[in-house]
Every structure is written in structure tokens, then in C-alpha cells.
Amino acid sequence: VTAFAYCGKGVADVTSPYDYNVALKFDQTDSDKLTAADVMIATGVAQAGVPLDLVFEHYFSKMTFNVTYEGFTETPVLSEIKSGDITCFLNGDKIEMIMYPGGYIVDMEILSLKVNGVTQSVKLKENTNVNAGTHYTYNLKIGTKEATLTATNVGYPGGWGDSDSETELN
């Protein structure tokens with residue numbers, strides 16, 4: 001992020017020079033493309049004679065689906081994993097995506113995927129408010145006829161790697 005601030009003798013607010021109508025990158029099919037979809041916004045205050053201290057926040061939200069299988073004799077082949085226009089990253093036994101924050105309603109399709117060539121729809125079981133900068137984790141059990149989704153954790157801003165601070169949902 002590049003941010004410019006000139007502060008002669010006063011104080012200046014600093015915001016990263018991103019347009020706040022940032023477009024989400026829909027192709028998130030590998031680690032590099034998933035990372036490229038993650039946008040951060042920086043804010044801070046510039047004061048004369050004081051080092052600039054920027055605070056970064058994620059602009060979008062992240063969802064991770066921990067995938068397990070039920071009823072298959074062999075591990076099935078997953079393909080065409082999408083959430084609306086987003087093509088998701090299949091990362092081992094996880095599906096990951098960066099998405100727009102906002103309200104998502106019960107029975108809304110959150111994922112569509114092919115399991116051994118057969119399309120399955122994954123729907124939310126409850127209304128969900130997805131907040132910017134928050135990492136949501138779900139367990140996704142894929143069966144031979146349907147896939148079921150269970151919310152497990154919500155992580156708060158601070159990092160989206162394996163060391164996320166996550167709190168159990170009740």
C-alpha cells in the first residue's frame with residue numbers, strides 16, 4: 001500500500017489511495033489469486049515529527065469450508081466450485097474464498113459444486129450477517145446426494161492465516 005502524507009506543522013488524516021468501491025476479483029482458484037482478491041484499507045494520522053502509524057483492515061470477508069465426505073467408497077472429485085460469480089480455491093480438504101460483506105439469508109445458495117460430475121447446492125441454514133474483515137469457518141459434509149453446512153467459528157480481524165483468533169459459535 002502506498003499512502004502519501006505531507007504534514008508541515010499540523011496533523012493530517014491519511015487513508016490509503018484505494019477507491020472505496022473496490023471490485024472483488026472473482027477468479028480465486030489458487031493461492032495467488034485468492035491472495036490477490038484480499039484488499040486492505042489503511043488509515044492513520046500524520047503528525048509533524050512523529051512516525052506515521054497506519055492501521056490496516058480487510059475490505060472484504062473470508063470464508064473457509066472444512067470438507068468431509070460421507071457415503072463414498074472412494075474420495076470424490078470436486079470441481080466447478082462457485083459462490084455466485086466467485087470461483088473458489090480448493091485447498092486440500094478446504095474450500096476458501098474472499099467475498100463481499102453483507103446480509104445473506106436462510107436457504108440462499110452459498111456454494112455450488114460438482115461432486116463426481118453431479119451438481120450439488122449448499123445453502124445457508126440461517127440468516128448470516130457477513131462483516132468486513134471477518135473470517136468465517138464452516139464444516140461442509142458432502143454426501144452422495146446432498147451437502148450439509150454447519151457454522152463452526154468466526155474469527156475477528158487481525159489475520160487470516162492458521163493463527164487466526166477464532167471464537168466458538170454457540
Side-chain angles (χ1 to χ4, degrees), residues 16 18-43 55-72 75-116 118-170:
S16 59
Y18 282 108
D19 176 355
Y20 277 87
N21 292 314
V22 176
L24 180 64
K25 294 180 186 328
F26 294 128
D27 181 358
Q28 301 177 17
T29 53
D30 62 36
S31 180
D32 290 340
K33 291 175 182 174
L34 182 74
T35 300
D38 183 16
V39 173
M40 297 189 79
I41 302 296
T43 58
V55 176
F56 289 85
E57 295 179 1
H58 292 279
Y59 186 76
F60 296 117
S61 306
K62 182 177 183 182
M63 280 200 179
T64 299
F65 302 89
N66 298 315
V67 179
T68 57
Y69 303 99
E70 182 175 85
F72 294 93
T75 302
V77 176
L78 299 184
S79 62
E80 299 182 34
I81 305 166
K82 297 185 70 95
S83 180
D85 292 331
I86 300 168
T87 305
C88 305
F89 176 36
L90 179 59
N91 184 8
D93 61 352
K94 295 179 182 178
I95 296 169
E96 298 177 301
M97 70 174 167
I98 305 295
M99 63 187 293
Y100 286 112
Y104 295 85
I105 59 173
V106 67
D107 288 331
M108 179 179 182
E109 182 180 84
I110 194 71
L111 284 176
S112 171
L113 50 95
K114 286 195 175 183
V115 182
N116 294 337
V118 177
T119 301
Q120 289 194 14
S121 178
V122 180
K123 296 183 178 182
L124 292 172
K125 291 183 177 181
E126 60 189 9
N127 292 336
T128 304
N129 188 32
V130 176
N131 297 307
T134 305
H135 181 186
Y136 298 84
T137 305
Y138 289 86
N139 288 334
L140 175 61
K141 186 187 302 181
I142 298 175
T144 55
K145 296 189 191 292
E146 69 177 357
T148 57
L149 191 63
T150 306
T152 57
N153 293 301
V154 59
Y156 295 92
W160 286 2
D162 291 336
S163 62
D164 280 0
S165 171
E166 294 186 338
T167 305
E168 197 72 25
L169 290 177
N170 296 323

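For the pair Val118 and Lys145, the minimum side-chain heavy-atom distance is 4.5 Å or more. The shortest side-chain heavy-atom distance between Tyr100 and Ser61 does not fall under the 4.5 Å cut-off. Taking the side chain as every heavy atom from C-beta outward, Phe72 and Ile142 approach each other to under 4.5 Å. With a 4.5 Å cut-off on side-chain heavy atoms, Leu90 and Ile95 count as touching. Contact check for Met99 versus Tyr136: no side-chain heavy atoms found under the 4.5 Å cut-off. Residues Leu34 and Asn91 fail the side-chain proximity criterion, which asks for heavy atoms closer than 4.5 Å.
The distance from the CG atom of Leu111 to the CE atom of Met63 is 8.5 Å, given to the nearest 0.5 Å. For the atom pair CD (Glu70) and CD (Glu146), the distance works out to 9.0 Å, reported to the nearest 0.5 Å. Taken to the nearest 0.5 Å, the CG atom of Leu124 stands 4.5 Å off from the CD1 atom of Ile110. From Glu96, atom CD reaches atom NZ of Lys94 across 6.5 Å, with rounding to the nearest 0.5 Å. One finds the CD1 atom of Ile86 at 13.0 Å from the CD1 atom of Ile81 (value rounded to the nearest 0.5 Å). Of the inter-residue distances, the one linking Ile98 atom CD1 with Lys33 atom NZ reads 15.0 Å to the nearest 0.5 angstrom.
When all heavy atoms are compared, the tightest approach of Ala37 to Lys25 is CB-O, 3.9 Å. Residue Ser83 comes nearest to Cys88 through the heavy atom pair N-SG, 4.0 Å, listed as atom of the first residue, atom of the second, then distance. When all heavy atoms of Phe56 and Met40 are compared, the pair lying nearest together is CB-CE, 3.6 Å.
Judged as a ring pair (Phe, Tyr, Trp, His ring centres under 6.0 Å), and not counting sequence neighbours, the contacts of Tyr138 are Phe65.
Distance alone, capped at 3.5 Å, places no donor-acceptor pair between the Asn66 side chain and the Asn139 backbone. Of the possible polar contacts, one joining the Gln120 side chain to the Gly143 backbone as a donor-acceptor pair under 3.5 Å is found. Proximity of a side-chain donor or acceptor of Thr128 to a complementary backbone N or O of Glu126 within less than 3.5 Å is detected. For the pair Asn116 (side chain) and Val77 (backbone), a donor-acceptor distance under 3.5 Å is present. Side chain of Ser112 to backbone of Lys82: no donor-acceptor contact under 3.5 angstrom is found. For the pair Thr87 (side chain) and Asp27 (backbone), a donor-acceptor distance under 3.5 Å is absent.
Heavy-atom contacts from other residues, nucleotides or ligands closer than 6.0 Å to NZ of Lys141 number 12 or fewer. The environment of CD in Glu109 is crowded: more than 12 heavy-atom neighbours from other residues, nucleotides or ligands sit within 6.0 Å.
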Take Leu78 and Val115 through the test side chain to side chain contact (heavy atoms under 4.5 Å, CB included) and record every step on the way to the result. CA-CA 5 Å; Leu78 299 184; Val115 182; 3.8 Å; yes
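The only member of Thr68, Thr150, Leu113 that meets side-chain contact (heavy atoms from CB on, under 4.5 Å) when paired with Leu140 is Leu113.
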